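Side chains included, hydrogens not; waters and symmetry mates left out as well; all remaining heavy atoms used. What you see is a predicted model, and the numbers here were worked out from it, not measured in a lab.
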Amino acid sequence: MSFKSLIGSLAAKIAAKLDDRDPVFYAADMVAFTLRDGVWHVLVIQRGWNPHKGKLALPGGHVDRNETSRDAAVRELAEETGIQVPRGTFVDQVGVWDDPFRDARGRYVSVAYSVVIYDAPDPVAADDAAAAEWMPVHIATRVADKGGFAFDHHQMLGQAMHHLHVPVPSWPHTDEDA
């Protein structure tokens, strides 16, 4: 290592220690849809850890070093549910969620993606998911309306449905649906 690069590296480390800004964490979430018996379903997990332990959420998590947010969303989907995105399947960015107070653990900025997986297998909960299931969209939206989703995942679900034109059935629902 040259003297110039050593000084540059040392200066960067000193600057980082003097930086008084709060850290920002980078995350990615996946809104996965499938059709089952002609009914649209969304893949949800039940959070196994705090914050929001026990609430429904979309699969997602931290973006690792040397990984894009899209790759992280696909990886987290597989890690938490066992659902693989088939090669060549279109994965689309839905939006960025960056409310400074969206996560009690600190400042998290999440990029959400959507995917439609046809002939999707049943999920198997793993990693930090206590449970995982393909939930009919009309039930998931009822749960979202009642505050049953962690973080701002209800907004991600709504935006992904709008983005992909996933219809919400208009038939009357009962309290048993949610």
Practice task
Would you mind reporting whether Trp40 and Pro136 have side-chain heavy atoms less than 4.5 Å apart?
Solution key: no

Fill in the blank from the handout: Contacts of Arg21 meeting salt bridge (Lys or Arg N to Asp or Glu O under 4.0 Å) (sequence neighbours excluded), chain-then-number -> Asp19

Practice task
Using modelled atom types only, decide if a donor and an acceptor are shared between the side chain of Gln46 and the backbone of Gly54 within a distance under 3.5 Å.
Solution key: yes

Handout entry: Heavy-atom side-chain proximity of His153 to Arg102 below 4.5 angstrom
Key = yes

Handout entry: Validation row: Val63, Thr68 side chains within 4.5 angstrom (heavy atoms)
Key = no

Problem - Joint cluster assignment, Phe151 & Val109, ILVMFWY side-chain distance < 4.5 Å - result: no

Problem - Exercise: identify the closest heavy-atom pair between Ala57 and Ala150 - result: CB-CB, 4.2 Å

Practice task
Would you mind reporting whether Phe149 and Leu157 have side-chain heavy atoms less than 4.5 Å apart?
Solution key: yes

Fill in the blank from the handout: Between Ala132 and Ala125, the two heavy atoms sitting closest are N-CB, 3.8 Å

Fill in the blank from the handout: Value for OG (Ser69) from OH (Tyr26), rounded to nearest 0.5 Å, stands at 3.5 Å

Practice task
Report whether Phe33 and Ile139 are members of the same hydrophobic cluster (ILVMFWY, side-chain heavy atoms less than 4.5 Å apart, transitive linking).
Solution key: yes

Handout entry: Shared hydrophobic cluster, Val39 / Leu43 (ILVMFWY, side-chain heavy atoms < 4.5 Å)
Key = no

Please list, one pair per line, the donor and acceptor atoms closer than 3.5 Å that link side chains of residues 76-85 to other protein atoms, with sequence neighbours excluded.
from  : atom 1 : to    : atom 2 : distance (Å)
Glu79 : OE1    : Arg75 : NH1    : 3.2
Glu79 : OE2    : Arg75 : NH1    : 3.3
Glu80 : OE1    : Gly60 : N      : 3.2
Thr81 : OG1    : Leu77 : O      : 2.5
Thr81 : OG1    : Ile83 : N      : 3.2

Practice task
Report yes if the side chains of Val137 and Met161 come closer than 4.5 Å at any heavy-atom pair, otherwise no.
Solution key: yes

Would you tabulate the side-chain donor-acceptor contacts of residues 88-98 under 3.5 Å, counting partners in other chains and residues two or more places apart, or write 'none'?
from  : atom 1 : to     : atom 2 : distance (Å)
Thr89 : OG1    : Pro86  : O      : 2.8
Asp92 : OD2    : His163 : NE2    : 2.3
Trp97 : NE1    : Gln155 : OE1    : 3.1

Handout entry: Met135 vs Leu56 side-chain heavy atoms within contact, under 4.5 Å
Key = yes

Completion exercise
Residues pairing under salt bridge (charged side-chain N to carboxylate O under 4.0 Å, His left out) where one sits in residues 36-63, two or more places apart or in two chains, turn out to be Arg36-Asp122

Problem - pair Arg105-Pro51: side-chain heavy atoms closer than 4.5 Å - result: yes

Handout entry: Verify same cluster id: Val115, Trp134 (apolar side-chain graph, 4.5 Å)
Key = yes

Problem - Validation row: Asp29, Pro59 side chains within 4.5 angstrom (heavy atoms) - result: no

Problem - Verdict with supporting geometry, Arg107 and Asp22, salt bridge (Lys or Arg N to Asp or Glu O under 4.0 Å) - result: CA-CA 8 Å; Arg107 179 76 193 264; Asp22 291 331; over 6 Å; no

Practice task
Using the rule that two of Ile, Leu, Val, Met, Phe, Trp, Tyr join whenever any of their side-chain heavy atoms come within less than 4.5 Å, decide whether Val42 and Ile117 are in one cluster.
Solution key: no

Problem - Inter-residue atom distance Asp103.CG - Asp152.CG, 0.5 Å rounding - result: 9.0 Å

Exercise for the section: State whether the number of non-hydrogen atoms from other residues, nucleotides or ligands found under 6.0 Å of Asn50 atom CG is greater than 12. Expected result: yes

Completion exercise
Value for CG (Leu58) from CE (Met30), rounded to nearest 0.5 Å, stands at 10.5 Å

Fill in the blank from the handout: Students should find that the hydrophobic cluster of Val124, defined by side-chain heavy atoms under 4.5 Å apart, otherwise consists of none

Problem - Pairs involving residues 59-79, ordered by first then second residue, that meet ring-ring contact (aromatic ring centres under 6.0 Å, His included) (sequence neighbours left out) - result: His62-Tyr108

Exercise for the section: Please round to the nearest 0.5 Å and tell me the distance separating atom OG1 of Thr141 and atom NZ of Lys146. Expected result: 11.0 Å

